[in-house]
Amino acid sequence: MEQDERELLLTAAWMFARHGQELRALTLCEALHEDSPRDGIAAAALADLLLGERRADEALRALREADFPSELRRAEALLETRALAMLGRKADAERRWKRYLNSAKGKERNWVG
């Protein structure tokens with residue numbers, strides 16, 4: 001699939017999600033992820049929708065398969081933290097968020113200490 005096609009499908013998924021049609025958005029994001037599981041942008045969109053469906057194990061798997069651009073590191077950390085917490089893995093969720101806060105991108109946002 002070409003990049004412009006991927007962008008169009010991702011935009012359509014976003015529009016579906018914004019207008020209460022999460023199942024259609026999820027279907028598009030699953031197709032994008034299946035086509036390119038390493039695409040961090042599609043994986044983040046898919047994970048967010050999966051978490052909304054309480055499918056944390058699938059969201060975590062999608063996140064861990066993907067490569068995230070630096071501008072999405074915070075989204076990656078937040079989504080992974082949410083998935084771990086939803087799975088009842090509180091200590092892992094806390095460690096994941098702290099790892100982000102201690103990273104170069106997270107240090108500037110770390111008001112905890």
Side-chain angles (χ1 to χ4, degrees):
M1 187 179 307
E2 299 293 323
Q3 183 61 29
D4 58 338
E5 294 171 313
R6 294 184 65 73
E7 289 174 8
L8 176 65
L9 289 177
L10 194 58
T11 301
W14 178 80
M15 290 174 66
F16 281 136
R18 288 262 310 165
H19 294 284
Q21 297 183 31
E22 289 84 4
L23 186 56
R24 287 183 177 179
L26 182 59
T27 301
L28 289 176
C29 287
E30 286 173 334
L32 286 166
H33 182 69
E34 185 177 313
D35 181 64
S36 182
R38 303 202 55 92
D39 179 355
I41 296 169
L46 175 61
D48 188 51
L49 290 164
L50 288 169
L51 289 170
E53 295 288 317
R54 313 264 331 141
R55 294 164 55 187
D57 53 338
E58 294 173 63
L60 198 54
R61 193 168 28 260
L63 291 167
R64 290 188 172 165
E65 289 176 352
D67 295 323
F68 286 84
S70 60
E71 63 271 12
L72 283 183
R73 293 288 180 218
R74 183 170 189 230
E76 176 191 14
L78 182 60
L79 289 165
E80 191 172 340
T81 299
R82 283 179 54 204
L84 290 166
M86 193 178 287
L87 290 170
R89 297 171 52 186
K90 183 181 177 196
D92 290 336
E94 288 175 0
R95 274 193 297 277
R96 177 60 180 105
W97 189 245
K98 285 180 183 176
R99 190 172 77 228
Y100 167 72
L101 291 177
N102 291 326
S103 71
K105 270 293 203 190
K107 280 186 182 177
E108 56 205 44
R109 294 182 170 94
N110 187 357
W111 53 269
V112 177

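Computed over heavy atoms, backbone and side chain alike; hydrogens, waters and symmetry mates excluded. Only a predicted model underlies this, so the values are computations on that prediction, with no experimental measurement involved.
In this structure, Leu32 and Leu46 have side chains that are not in contact, with every pair of non-hydrogen atoms separated by 4.5 Å or more. Within the 4.5 Å cutoff, no side-chain heavy atoms of Leu50 are placed close to those of His33.
Through direct or relayed side-chain contacts under 4.5 Å between Ile, Leu, Val, Met, Phe, Trp and Tyr, Met15 connects to Trp14.
Here the closest heavy-atom approach between residue Leu28 and residue Ala13 is recorded as CD1-N, 3.7 Å. In this structure, Ala62 and Ala43 approach most closely via the heavy-atom pair O-CB, 3.8 Å. The shortest heavy-atom contact between Ala17 and Ala25 is N-CB, 3.8 Å. The minimum heavy-atom distance between Asp57 and Leu87, with the atom names listed, is N-CD2, 4.0 Å. Of all heavy-atom pairs between Ala56 and Ala83, the closest is CB-O, 3.6 Å. Closest heavy-atom contact between Ala47 and Leu79: CB-CD1, 4.3 Å.
Salt bridge Arg55/Glu22: absent, no basic N to carboxylate O contact under 4.0 Å. Taking the charged nitrogens against the carboxylate oxygens, Arg73 and Glu76 do have a contact shorter than 4.0 Å, which makes a salt bridge.
Among residues at least two apart or in separate chains, salt bridge (charged side-chain N to carboxylate O under 4.0 Å, His left out) pairs with a member in residues 36-53 are Arg6-Asp39, Arg38-Asp67, Asp48-Arg82. Among residues at least two apart or in separate chains, ring-ring contact (aromatic ring centres under 6.0 Å, His included) pairs with a member in residues 52-97 are Trp97-Tyr100.
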Please list every donor-acceptor pair under 3.5 Å in which a side-chain atom of residues 88-95 meets a protein atom from a residue at least two apart or in another chain.
from  : atom 1 : to    : atom 2 : distance (Å)
Arg89 : NE     : Asp92 : OD2    : 2.9
Arg89 : NH2    : Asp92 : OD2    : 3.0
Asp92 : OD1    : Arg95 : NH2    : 2.2

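The environment of CD in Gln3 is crowded: more than 12 heavy-atom neighbours from other residues, nucleotides or ligands sit within 6.0 Å.
Both Leu72 and Leu63 are part of a single hydrophobic cluster, where members link through side-chain heavy atoms under 4.5 Å apart.
Among residues two or more places apart in sequence or in another chain, the salt bridge (charged side-chain N to carboxylate O under 4.0 Å, His left out) test is passed with Arg96 by Glu80. Legend: residues meeting salt bridge (charged side-chain N to carboxylate O under 4.0 Å, His left out) with Arg24, ordered by chain and number and at least two apart, are absent.
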